[in-house]
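Scroll down for the structure; my scribbles are underneath it.
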Amino acid sequence: MAMDPEELVTLTNHGTMKLRSAVVRAMILPAKERKRAKIVREGEPAILIFKQIRNLGAKWDERRGSSPRGNRQQRRFRSRGNRLKGRSIAR
């Protein structure tokens with residue numbers, strides 16, 4: 001199922017948008033809404049249910065070669081208040 005991410009589609013109850021945006025928005029919906037999410041488009045298949053939406057998003061993510069969570073570098077910062085103390089100043 002090759003689909004153009006720039007294709008204009010309708011995400012039920014959310015309006016018309018590009019397919020990529022519709023997939024992202026469907027993925028972040030609350031669980032109840034996510035189960036009912038459908039994308040309506042001109043091509044075949046004309047209606048994508050959530051399982052197809054999820055698979056499409058995963059496929060596009062795979063092509064990018066990264067997982068949105070997996071490749072993030074963890075950075076640890078210390079606030080100024082948590083810095084290790086340097087040498088004490090002798091009086």
(message) Quick check for you: to the nearest 0.5 Å, what is the distance between Met17 atom CE and Leu8 atom CG?
(response) 10.0 Å
(request) Rounded to the nearest 0.5 Å, what's the gap from CG on Leu56 to NZ on Lys51? Could you check? (result) 14.5 Å
(message) Please report the interatomic distance CD1(Ile53) to CD1(Ile39), rounded to the nearest 0.5 Å.
(response) 4.0 Å
(message) Ignoring hydrogens, what is the shortest heavy-atom contact between Ala37 and Leu11? Give both atom names and the distance.
(response) CB-CD1, 4.4 Å
(message) How long is the straight-line distance from CZ of Arg36 back to CD1 of Ile49, given to the nearest 0.5 Å?
(response) 14.5 Å
(request) Group every Ile, Leu, Val, Met, Phe, Trp and Tyr by side-chain heavy-atom contacts under 4.5 Å, then state whether Leu19 and Leu29 land in the same group. (result) no
(message) To check you understand the geometry: which heavy-atom pair defines the closest contact between Arg20 and Glu6, and what is its length?
(response) NE-OE2, 4.4 Å
(message) Run the side-chain contact (heavy atoms from CB on, under 4.5 Å) test on Thr16 and Val9 for me, step by step, so that the C-alpha distance in whole Å, both residues' side-chain angles and the decisive distance to 0.1 Å come before the verdict.
(response) CA-CA 6 Å; Thr16 302; Val9 298; over 6 Å; no
(message) To check you understand the geometry: which heavy-atom pair defines the closest contact between Glu7 and Glu42, and what is its length?
(response) OE2-N, 3.9 Å
(request) Go through the steps to decide whether Phe50 and Met27 satisfy the test side-chain contact (heavy atoms from CB on, under 4.5 Å), and finish with yes or no. (result) CA-CA 8 Å; Phe50 183 71; Met27 297 301 292; 3.7 Å; yes
(message) Rounded at 0.5 Å granularity, tell me how far CE in Met3 sits from CD in Gln52.
(response) 7.0 Å
(message) I need the Arg25 CZ to His14 NE2 distance, nearest 0.5 Å.
(response) 6.5 Å
